[in-house]
Structures are given as structure tokens and as C-alpha cells.
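Input: a single structure, listed below in C-alpha cells.
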Amino acid sequence: MTPASAGGAAKITPPPADKGKRKSVTGTRKSIAVGFLLPALVLLGALVVYPIGYSVYRSFFDKAGDSFAGLDNFVEIFTDDTILTAVKNNAIWVVVAPAVSTALGLIFAVLTERIRWGTAFKLLVFMPMAISMLAAGIIFRLVYEQNPERGVANAVAVSVHDTFSESAGFPKARPLPVHPLKAGGGGSFITKEPVQAGEQVLLPLIGVPPAKMPGDAEIAAPAKTAPDKVTGTAWLDFTKGGGGKPNAIDPKELGLKGIKVEAVKDGKVVDSAKAGADGTFTLSAEADGANLRFPASNFREPYNGVDWLGPSLVTPAIIGSYVWMWAGFAMVLIAAGLAGLPRELLEAARVDGANEWQVFRRVTVPLLAPVLAVVLVTLMINVLKIFDLVFIIAPGSSQDDANVLALQLYRSSFGTDADPGIGSAIAVLLLLLVVPVMLFNIRRMRKESRR
């Protein structure tokens with residue numbers, strides 16, 4: 001320390017710098033930092049850098065790897081129909097899946113702020129994230145099962161359809177040649193001769209499996225005749241164990257409950273009725289001299305739901321399963337961003353007369369833009385490499401229609417007719433698709449750090 005100056009202040013001399021030992025910002029010698037990072041760098045090079053470099057190199061060679069193929073493998077990607085379908089499906093995935101997941105996450109995050117049990121709801125929505133892609137694929141393969149008795153989606157679809165549209169009860173029913181019925185066109189059956197009032201009409205059918213018979217069907221009974229009405233019985237002309245007679249109501253035969261009977265004159269329906277539990281029906285005097293007809297609506301095939309995993313719907317169906325898993329991820333991140341918003345801005349907008357929709361659209365969403373960008377970019381990178389759900393959910397018959405680049409990479413590299421050259425070219429294409437998204441994310445993060 002030097003003597004005091006004229007003003008009385010002491011001048012402090014800094015200690016000499018240690019020129020031989022340069023340290024980093026954190027005070028750690030760079031050689032020590034490199035030593036600690038070296039194992040990670042070696043692993044990074046072995047597991048990331050080398051495979052990328054070799055894939056780029058291998059993509060320019062033919063199937064055997066002996067001859068230089070130039071850009072032929074890349075041309076094959078955009079000319080082969082199967083691989084081109086994978087490229088198109090990847091484009092659909094990138095546009096639809098992240099946008100829908102982010103939109104749902106935003107809606108859930110905003111709405112759950114206003115309800116008392118919002119935390120429980122967030123837990124339920126986020127819970128699918130704890131399930132692996134493999135398990136989720138198996139779950140949704142069952143959900144989309146075509147059989148309504150097994151597939152939840154089709155069970156709901158059939159229930160809704162049958163609520164508004166009456167389902168057929170006897171899709172396989174038909175008359176025998178000895179029965180008094182013949183084909184009436186369009187899947188209907190009509191009596192061979194006109195019927196008369198006061199006479200009992202017999203309308204037997206066969207071909208209804210026991211499991212398809214109404215559970216409350218009763219033993220068929222002859223209808224009571226009336227002089228001014230047409231009465232009859234519609235029944236299943238089949239006796240379990242045999243022994244019955246055709247065209248006759250045997251003791252153990254059941255009535256076709258609910259089957260519709262129409263009286264037709266000159267091509268017009270003059271009256272109609274439905275059979276009771278014992279198969280009996282009654283028509284008014286207008287049916288006198290008419291032919292009785294079973295309309296085709298009695299025999300049409302029952303609605304069996306939607307072919308979710310068919311060629312036209314398989315990709316949207318799989319995207320739906322992805323949204324089910326990842327909407328919770330988007331919701332949690334957006335909810336965290338929402339918690340950090342300045343509430344005074346929201347209240348100021350309300351004081352200025354903005355309604356809740358205007359506050360949401362003009363204040364909340366713009367303030368959440370950085371968080372929404374993070375979620376959207378993360379999900380875009382994630383869907384570019386989607387593989388598990390498509391591989392598990394899509395059946396073999398429609399896997400080509402649901403194909404994506406990651407799945408095609410697996411099939412081209414390890415399938416029965418593997419071509420490592422094309423597989424490497426697809427890997428390089430995936431890398432090129434991911435790089436711009438990553439650069440955008442890095443640029444956005446740097447811009448945020450400068451604020």
C-alpha cells in the first residue's frame with residue numbers, strides 16, 4: 001500500500017497477476033475442464049459423430065456397398081411410391097400433431113387455472129406421459145379394434161349410430177323355397193300370393209343364429225284371426241336338435257320379435273306393423289288383398305363401426321394417439337409459462353373493457369409466444385422421428401399407408417430386402433429435416449438470452 005496522497009486517500013496497488021496460470025471464468029484451469037470433458041467427448045464422437053459421418057458416406061454407395069452410386073439413393077427416396085408415402089405422411093405429422101398438441105395444451109392450461117380441481121385434471125392429462133410408446137401403441141391398437149365388442153372407439157361409434165338409426169335385427173334371415181315368400185328385390189322378401197282378411201298368415205324364415213335372436217323373444221304362437229283384419233305370425237322356422245316341420249309352428253320355435261311387416265298394393269305400402277315377442281302381428285282392413293313384405297331394412301348388415309386402421313384413417317388415428325400422450329407435456333410447460341405472466345397486464349386489459357376472449361387472444365397468447373415456440377419446436381423434432389406408434393398400431397395391411405420416414409428407415413435397413421444405401425440416405429434426409437428446426441430453436445434461445 002502506497003503513502004496517502006494529498007487528498008488523504010490511500011492508493012491501493014493490486015497484487016501481481018499470475019501470468020503462468022490462466023483460469024476460466026469459473027476459476028477452473030482449462031486443462032482440468034478438458035480432462036473432465038474428454039470421456040464425454042469420446043462417447044459423443046463414438047455414438048453420435050461417427051455414426052452420422054458413416055451414414056453420410058454410406059448413403060452414396062449401392063446396396064452391397066462396393067460401387068459408388070452418387071445421388072441415386074436420394075433419387076430413389078422421391079421416386080419410390082412407398083418411401084414417397086412416408087415423406088408425405090411425415091409432412092402431415094409435422095404440421096398436424098405438434099399444432100394440435102400445443103393448442104390443446106394451451107386450452108387445458110388456461111382453463112384449469114379457473115377451476116378448483118385444476119391440479120387433479122392436470123395430473124390426469126399428464127399421466128399418459130408416464131406410459132411408454134410401446135404400451136401406448138398396444139393400448140390404442142385395442143382402442144381402434146374393428147370389433148365393437150373389443151374396440152372402445154367402435155363401441156362408442158356403434159352406440160351413437162344405433163341411438164339415431166335403428167339397427168337391423170336379422171341380417172342373415174331368408175325363406176326356404178317351400179315357404180310362402182319369395183325375393184322382392186333390394187333385399188326384401190314378399191308373399192307369393194295376396195292375403196285375405198280373416199285368415200291367418202304364416203311368414204317363416206330361417207338363417208338367424210341363436211345369438212342374434214332377441215333375448216326376450218318368446219315361443220311362436222298362432223295369431224288370432226279377426227274378420228276385418230289381417231293377422232299372422234313371423235317366426236324362426238327351425239327347431240334345435242331337429243324334428244320340426246317346415247311351414248309349421250313347432251313347440252320350441254321362437255317368434256321374430258320386432259321384425260317389420262308391410263302390406264303392399266300396386267307397389268305402395270298401405271299398412272305396416274311389427275311382430276310381437278311371440279311373432280304375431282296385426283294389420284288393418286286396408287291390407288286385405290295385399291301382398292305382405294319383409295322390407296330390406298330387416299336384413300341389412302348391422303353397423304359395425306369405423307375402420308379406424310383402414311388405409312384412409314390410419315394416419316389420423318395414430319396422430320390421435322400421439323396427441324393423447326403429448327398434450328399433457330404441452331399443458332405442463334404452458335402452465336408454467338402462464339404462472340409467470342404479469343397479472344397486472346391481464347387486469348389492465350379487463351379494466352379497459354376487453355372480454356375474456358380478447359384478453360386471451362391479444363394479451364395471454366402474445367405473452368406466451370416464447371413458451372409456445374419451445375413446445376412447438378420440441379414436438380416437431382419429436383414427430384420427425386416417430387416410429388413406435390406407427391409400427392405397433394398400424395396393421396400389416398395398412399402399414400404402407402401409415403408409413404413414416406423412421407419406420408421406412410428401419411424397414412430399408414433391417415427388412416427382408418434390406419438396402420443399407422437407401423436406409424442411410426433416409427437417415428441423412430431425417431438429419432437434414434431436423435437441422436433447420438434445431439437452428440431455429442438455437443437462434444430463438446440466443447435472442448431470448450440477450451433480452
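Excluded from the calculations below are hydrogen atoms, water molecules and symmetry mates; all remaining heavy atoms, backbone and side chain alike, are included.
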Test of understanding: with ring-ring contact (aromatic ring centres under 6.0 Å, His included), list the residues that count as partners of [X], not counting sequence neighbours.
X	answer
Y57	F61
F78	none
Y50	none

Those residues that, when tested against [X], pass side chain to side chain contact (heavy atoms under 4.5 Å, CB included) (two or more places apart):
X	answer
V48	L44, I52
A46	none
K63	D417, D419, P420
A135	I131, S132

Do you know which two heavy atoms are closest between [X] and [Y], and how far apart they sit?
X	Y	result
P39	G35	CD-O, 3.4 Å
A287	L283	CB-CB, 3.8 Å
A402	V390	O-CG1, 3.2 Å
P180	N247	CD-OD1, 3.4 Å
L236	G207	CD1-N, 4.2 Å

Straight-line distance of [X] [atom1] to [Y] [atom2], nearest 0.5 Å:
X	Y	atom1	atom2	answer
I77	L405	CD1	CG	7.5 Å
Q399	I392	CD	CD1	10.5 Å
L346	R350	CG	CZ	5.5 Å
L181	K192	CG	NZ	8.0 Å
L254	K252	CG	NZ	11.5 Å
T119	W117	OG1	CH2	11.0 Å

Given 3.5 Å as the limit, does a donor-acceptor pair link the side chain of [X] with the main chain of [Y], or not?
X	Y	answer
N291	T191	yes
R58	D62	yes
R293	S188	no
Y144	A153	no
T112	A109	yes
T102	A99	no
D278	I219	no
S101	P98	no
N298	K260	yes
T280	G276	no

Please examine the side chains of [Y] and [X], heavy atoms only from C-beta on, and report whether any two atoms are closer than 4.5 Å.
X	Y	value
H179	D237	yes
W93	T315	yes
D401	S398	yes
I259	F294	yes
Q146	W308	no
L430	K385	no
N403	T82	yes
F281	L203	yes

- Query: Just one of L431, V437, L429 clears the side chain to side chain contact (heavy atoms under 4.5 Å, CB included) bar with L433, so which one?
  - Reply: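 Between L433 and the candidates, side chain to side chain contact (heavy atoms under 4.5 Å, CB included) is satisfied uniquely by L429.
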Tell me which donor-acceptor pairs under 3.5 Å the side chains of residues 321-335 have, and how far apart each pair is, sequence neighbours excluded?
unit_1: S321; atom_1: OG; unit_2: I318; atom_2: O; d: 2.5
unit_1: Y322; atom_1: OH; unit_2: N382; atom_2: OD1; d: 2.8

- Task: I would like to know whether R411 and D400 meet salt bridge (Lys or Arg N to Asp or Glu O under 4.0 Å); could you show each step before the answer?
- Result: CA-CA 11 Å; R411 294 166 70 178; D400 285 345; 2.7 Å; yes
Contacts under 3.5 angstrom, residues 357-380 side chains, donor-acceptor by atom type, not counting sequence neighbours:
unit_1: Q358; atom_1: OE1; unit_2: N355; atom_2: N; d: 3.0
unit_1: T364; atom_1: OG1; unit_2: V359; atom_2: O; d: 3.4
unit_1: T378; atom_1: OG1; unit_2: V374; atom_2: O; d: 2.7

- Message: List the residues meeting salt bridge (Lys or Arg N to Asp or Glu O under 4.0 Å) with R150, not counting sequence neighbours, and say none if there are none.
- Response: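 So R150 forms no salt bridge (Lys or Arg N to Asp or Glu O under 4.0 Å) with any residue.
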Return yes when atom [atom1] of [X] has more than 12 non-hydrogen atoms of other residues, nucleotides or ligands closer than 6.0 Å, and no otherwise.
X	atom1	value
M438	CE	no
E149	CD	no
R443	CZ	no
F68	CZ	yes

- Item | Contact list for residues 72-81, test salt bridge (Lys or Arg N to Asp or Glu O under 4.0 Å), sequence neighbours left out | none
- Qualifying salt bridge (Lys or Arg N to Asp or Glu O under 4.0 Å) pairs, either residue in residues 311-326, two or more places apart: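 Those involving residues 311-326 do not exist here.
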- Task: Using the six-membered ring wherever Trp is involved, compare the ring planes of F391 and F387 and label them parallel, tilted or perpendicular (cut-offs 30° and 60°).
- Result: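 Rings of F391 and F387: parallel, as their planes differ by under 30°.
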- Message: Show, in sequence, the C-alpha distance, side-chain angles and deciding distance for Q408 and T85, and conclude whether the side chain to side chain contact (heavy atoms under 4.5 Å, CB included) test is met.
- Response: CA-CA 10 Å; Q408 185 59 43; T85 300; over 6 Å; no
- Message: Could you walk me through whether K257 and D216 satisfy the salt bridge (Lys or Arg N to Asp or Glu O under 4.0 Å) test, starting with their C-alpha distance in whole Å, then the side-chain angles of each, then the deciding distance to 0.1 Å, before giving a yes or no?
- Response: CA-CA 8 Å; K257 181 188 176 183; D216 53 352; 2.3 Å; yes
- Query: When the aromatic ring centroids of F170 and F299 are compared, is their separation below 6.0 Å?
  - Reply: no
- Message: K122 vs M127, test: side chain to side chain contact (heavy atoms under 4.5 Å, CB included). Steps then yes/no.
- Response: CA-CA 8 Å; K122 289 178 182 178; M127 195 174 293; over 6 Å; no
- Message: Is it the case that the side chains of T239 and E253 hold a donor-acceptor pair, with the cut-off being a distance below 3.5 Å and no angle test?
- Response: yes
